[in-house]
Structures are given as C-alpha cells and as structure tokens.
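Below, chain A is the first sequence line, B the second, and so on; all start at residue 1.
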2 protein chains.
Amino acid sequence: MPSAPRPQPPRATAGREAGREAVEHLASALSEAGLPPLPARVWAALLSDSDGRMTAVELTEALQVSAAGVSGAVKYLVQVGWVRREREPGGRKDVYVAMDDVWHSLLLRSDQVYGPIIRALDEGVTAAPDAQARERLAESREFLVFVGEEMAGMARRWEARKRERAPRHTEGGRRSR
Amino acid sequence: MPSAPRPQPPRATAGREAGREAVEHLASALSEAGLPPLPARVWAALLSDSDGRMTAVELTEALQVSAAGVSGAVKYLVQVGWVRREREPGGRKDVYVAMDDVWHSLLLRSDQVYGPIIRALDEGVTAAPDAQARERLAESREFLVFVGEEMAGMARRWEARKRERAPRHTEGGRRSR
DNA sequence: TACAACATTCATGATTTCCTGAAAACCGGC
DNA sequence: GCCGGTTTTCAGGAAATCATGAATGTTGTA
C-alpha cells in the first residue's frame, strides 16, 4: 500500500512504475538467495539505475527507507565488495556505485564459504569412529575441494568471455548526475 | 527401547569427545553457509556417523535436542534432498540416512536460486530507463546463465571423476546397527 | 568559528526464526 | 479393539534480525 504520495512527477511516470516493480522483484529474488532485505533492495536499485550511481538521498527516495537504513545497507554491500563508495571531489555527498566486477568476486568469495567446511571435514576425518565414516567425510571434502578448483576455472572462463566480448574496457563516460 | 541405550562403552570414549566436537564444528560451518542450525547439526551428525544411519532417538541423544526438533530438522533435510527416510522392515522406528549423492543435487539446486534472479533481471532489462542500465542488467543476466551452464558441466565432471574412482557402485553391505 | 548538509551510531520496537513441551496422530502387536 | 513405542503437529517463548528515529559525528563553506 503506497501510502506515500509521489513528489516526482517531472520524469516520465509511465515506465517509472514498471521500473520500480522490476527493482522490487529483483530485490525479492536476491533476498531469497540469502541477501538481507534492505541491501538487496539497494543493490537492485543501483543495478537498475541509469549509470549505476546513486546518492543516499536518491536511494531513500527511490526505496522509501530511512537514511539510517541506507547507511547500514551500503555498509554491508561495501563490506562484501558489491558496492564502492565514492566522493565527488567538490561535493559533500557520497555516491554509491555498483561495482562491475561483482560477479567475479562472487565466484572467488565461494572460498570463504567452502574453506571453513573443508577444515571442519578435515577435523571430522581424523576424529571419525571408523573407516566407513572416514571415507564418507573424505569424499565430501574431496567434492568441496573439487568445487573450489572448478570455481577458479569458471572465473577464468568468464573473464575470458567478457574480455572477448568487449576488447576495450569501456570505463569512460562517467557523468555526474 | 531399552532403558540402557547402547552397550557401547567398550568403544574408545577418548575419541568420542573429539568426535562430538568435530560434529559441532562442521555443523557450525554449514550453518554459516546458510543451513538452519538444527538441520546443520543433524546433517553433520549423520555424515560423521559410522554407517551414516541414525534413528530419531539416537539423534536426540547425540545432539541433546527434543524429538520435535529432530522431526522438523529431518523434514527440512528430506525436502531439500539431503536425507532419505527409511523404515526397517520389521521395526517401527524410522532411520534417517545421509544420501550419498547430495553434492550432486547441491549443484543442480543452484537452478532454483539463479532462476528467479534471471527472470527478475529479464524484467529489469525490458523496464530499464536507458541503454546503459539495460546493458548492465543484461550482463548480469548473462553471467548467471553462464554460471548455470558451468554448473551443469561441473556436475558432469564430478560424476565422471567419482565413477572413475569407484567403477562399481558399492551399494551393498548395509548392516543394521 | 559557526553553520548547513550529510552520514553514522545507538537504543527501541516490530518482525521473523527457531526450538521446546504437550497433546494428538500413527502403527504394529497383543 | 486397546497399548506401548514413535513421530508429527501446534502454540508459545526465547533469541536473532531488521529498519526506524533521534542524537552524534564529520566535512565543506560562509
């Protein structure tokens, strides 16, 4: 229930609605995948934004959340490496940027989740009551190691594919809003 | 059920402690990875058990949790396909079995998490305000599709490797406890 | 220096998650 | 058909999660 009116009439209000809806759907899917709710919404908004750069105020307006919420969500996203914080040289407001290599980092981050499990499995292998359990635990461990290796290969292949598609890293064109 | 649970003090009680600790560590790592706490503990216990088969009573004793908790945790694990429920032909108690192809299913399950995100990104692409956002969303979508394909290949390679290591599927030898 | 614009921290309240105890449902065997 | 053993359902409460408002901190500018 959109209790808040809508003090943003100048822009084309037609596609706007669909855009907001798409953002929320994407946020919902990301949240389902494990991202906390507000970070998911912020990330979805940034990814759907024209130049992928938004200030805190823009985010509060677009998502109808408090400044504190945006602060916390952005802090989270920066920590996991999905967003970087920039400061316009002359200005006093931060601008948050959706990082373009997130997916790559997502693949590498798998180490952080598999690593502890592998170590725990190691411990389990040495503490196993008998050969049967030892073998079962060892196979699980082997699988996770395998996945880690595959992830690395996957990251390489993705990089190659991306590079092939866009020979020049078209980084320029950053415009202030 | 015999009031004296098991006449298994002959076993080395020394390693027992280390075993329980290893189970808890593994459970903790799995929980960190996204599994709910009690299902994580149940799964860790099953994986570390000698023949990977435990009854509800054994689980309640080993983990010091209520029967209701075990019931719920097992229900969860069965739904996600990590455990299967068996009934000893002559007996009246269920026995829960750690499935040996969980890892394979883990890879396939990625579809269930990526699918919704991909669909949301599709929606975002059509609703995007301009070409810049459209391109960014499209690249994300492409990455997720790529990951899905890679996962499939990964599953194949793991299957091949496993088959190569153990030509015969050594399924026999299931003994009652 | 004081002020204004932003951003962050912290305590609070709302919501959700998670396990427990108790009662109910199930199921062979007597 | 009744009983003991076993599992499931369900309401409840403890604990974690999350976003908010108000206060505090930070930074550029008049």
Taking only residues at least two apart or on different chains, which pairs with a member in residues 136-147 of chain A satisfy salt bridge (Lys or Arg N to Asp or Glu O under 4.0 Å)?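 Pairs touching residues 136-147 of chain A that pass the test: A:Asp122-A:Arg141, A:Glu142-B:Arg161, A:Glu142-B:Arg165.
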
Side-chain polar contacts of residues 147-154 of chain B - donor-acceptor pairs under 3.5 angstrom, sequence neighbours left out - could you list them?
{"residue": "B:Glu150", "atom": "OE1", "partner": "A:Arg157", "partner atom": "NE", "Å": "3.1"}
{"residue": "B:Glu150", "atom": "OE1", "partner": "A:Arg157", "partner atom": "NH2", "Å": "2.6"}
{"residue": "B:Glu150", "atom": "OE2", "partner": "A:Arg157", "partner atom": "NE", "Å": "3.0"}

Once side chain to side chain contact (heavy atoms under 4.5 Å, CB included) is applied, do any residues pair with A:Ala128, and if so which ones, sequence neighbours excluded?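 So A:Ala128 forms a side chain to side chain contact (heavy atoms under 4.5 Å, CB included) with A:Ala133, A:Arg134, A:Leu137.
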
Between D:dT20 atom P and A:Leu59 atom CG, what is the distance in whole Å?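 Roughly 13 Å, once rounded to whole Å.
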
When every nucleotide of nucleotides 4-26 of chain C is labelled 5' to 3' by its protein contacts under 4.0 Å (heavy atoms), B for base, S for sugar-phosphate only, - for none, what sequence of letters results? -SSSBB--------SSBB-----

Give the minimum heavy-atom separation between B:Pro129 and A:Ser48, together with the two atoms involved.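 Closest approach of B:Pro129 to A:Ser48: CD-O, 3.7 Å.
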
Any pair with a residue in residues 23-79 of chain B that passes ring-ring contact (aromatic ring centres under 6.0 Å, His included), sequence neighbours left out, goes on the list, sorted by first then second residue, please.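 Counting only pairs at least two positions apart or across chains, the ring-ring contact (aromatic ring centres under 6.0 Å, His included) contacts touching residues 23-79 of chain B are B:Trp43-B:Trp82.
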
Angle between the two end axes of the helix from C:dT1-D:dA30 to C:dC30-D:dG1, five base pairs per end, rounded to 10 degrees?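 That helix gives 10° between its end axes.
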
Which residues share a ring pair (Phe, Tyr, Trp, His ring centres under 6.0 Å) with B:Trp158, sequence neighbours left out: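 B:Trp158 satisfies ring pair (Phe, Tyr, Trp, His ring centres under 6.0 Å) with A:Phe143, A:Phe146 only.
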
Taking only residues two or more places apart in sequence, or in another chain, which ones meet B:Arg41 in a salt bridge (Lys or Arg N to Asp or Glu O under 4.0 Å)?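 B:Glu24.
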
Going by salt bridge (Lys or Arg N to Asp or Glu O under 4.0 Å), name the residues that satisfy it together with A:Arg85, two or more places apart in sequence or in a different chain.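 A:Arg85: salt bridge (Lys or Arg N to Asp or Glu O under 4.0 Å) contacts with A:Asp94.
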
